[in-house]
Amino acid sequence: MSDDQLEPGPVVRMRGVHKAFGERRILCGLDLELPPGRTLAIMGGSGTGKSVALRHVIGLMQPDAGTVEVFGQDLASVGQRELAGLRERMGYVFQEGALVGWMNVYDNLALPLREREGLSESEVRPRVLEAMERVHVEGSEHKLPSEISGGMKKRVGIARALITRPELVLYDEPNAGLDPEISRSINDLIREVSEALGVAALVVEHRIECIERVADEVLFLHEGRAHVHAPTASFFASDEPRLRAFLGPLSQHPAAVTTP
Ligand SMILES: Nc1ncnc2c1ncn2[C@@H]1O[C@H](COP(=O)(O)OP(=O)(O)O)[C@@H](O)[C@H]1O
Ligand SMILES: [Mg+2]
């Protein structure tokens, strides 16, 4: 199904994206570019439109102005079927985790393969076991989501996002609700899968420590725009005043910054 990729352009390109809800202007000319194989973290205050930006990438929201291209395709110019095809090349890990509560881990992971790819059980099984191994949850296939810890659920959520072998993975606050120790292991896992699979990733995250572990680049979303977008080390060294104000005085010691 994939077209010949003559030149590897950005996996995601948003240009001048504006989005308002009624009177409330959320995105006001957002530019964002994600090169192949890179992990870009989006950082910004609560309610600044980070999740809204991700929803534009999936095509769940359309910009009022500006363009959103994914895999080189302008989402405004594709039909429903093409959009569905593009979405199949993406994996999502959302805050809620969204595992099916009455299905065990195995069936949760098998679901997209059975439903979307129509694979037979003999094809499904090795894929599920491989995914479980990748996120280090071997042996829990018969457990229900309610029988495993929050960190394990998150791992299974990541496995499910990866099981269809996406080229782009979107993580919306993958560490929300997890304690620091578990967050650290989830960050290491995100890093590990990105490197092993060479996928591009967009990670919405606000903890500096997490971003430093997972991201190649960071974008600071403020007042609807990308105020700073730079490789991780130079991002945190930036003296852009709005970023400095956001990071606050503790930012000299990133590990000391905690979630509000
Ligand atoms: N579908 C929607 N309808 C109306 N307002 C929305 C909708 N989605 C998000 N918003 C508003 O847009 C703002 C940004 O939301 P969001 O992207 O979820 O913030 P965050 O940066 O914390 O992820 C919030 O004020 C939110 O209430
Ligand atoms: Mg959000």
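Everything numeric in this text was worked out from a predicted model, so none of it was measured. Indexing begins at 1, ligand by ligand and atom by atom, following the structure's order.
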| task | Considering only NZ, NE, NH1 and NH2 on the basic side and carboxylate oxygens on the acidic side, decide whether R38 and E33 come within less than 4.0 Å. | result | no
| task | Only heavy atoms count here, so choose which of R55, H56, K50 is nearest to atom 21 (O) of ligand 1. | result | K50
| request: Among all protein heavy atoms, pick the one closest to atom 18 (O) of ligand 1 and tell me residue, atom and distance. | output: S51 CB, 3.6 Å
| query | Can you list the ligand 1 atoms lying under 4.0 Å from a non-hydrogen atom of S46? | reply | 22 (O)
| query | Near the Mg ion (ligand 2), is there an N/O/S atom from S51 that is less than 2.8 Å away? | reply | yes
| Is there a side-chain contact between L247 and M43 (heavy atoms, below 4.5 Å)? | yes
| task | Applying side chain to side chain contact (heavy atoms under 4.5 Å, CB included) between I148 and each of K143, R155, K154, report the one that passes. | result | K143
| said: Looking only at protein heavy atoms, which one is nearest to atom 27 (O) of ligand 1, and what is the separation? | reply: R24 NH1, 4.0 Å
| said: Would you compute the distance between atom OG of S234 and atom CD of E217 and round it to the nearest 0.5 angstrom? | reply: 9.5 Å
| Hey, is CD on Q80 packed in by over 12 heavy atoms from elsewhere, all under 6.0 Å? | no
| request: Could you check whether the rings of F235 and F220 sit parallel, tilted or perpendicular, using 30° and 60° as the cut-offs? | output: perpendicular
| task | For atom 3 (N) of ligand 1, grab the closest protein heavy atom and report residue, atom and distance to one decimal in Å. | result | F21 CD2, 3.5 Å
| remark: Looking only at protein heavy atoms, what sits closest to atom 19 (O) of ligand 1 is G47 CA, 3.3 Å
| How many angstroms lie between NE2 in H229 and CG in L40, if you round to the nearest 0.5 Å? | 4.5 Å
| Looking at ligand 1, does any of its N/O atoms fall within less than 3.5 Å of an N/O of M61? | no
| query | Can you tell me the protein heavy atom closest to atom 15 (O) of ligand 1 and the distance? | reply | V52 CG2, 3.9 Å
| message | To check your reading of the model: name the closest protein heavy atom to atom 13 (C) of ligand 1, its residue, and the distance in Å. | response | I26 CD1, 3.5 Å
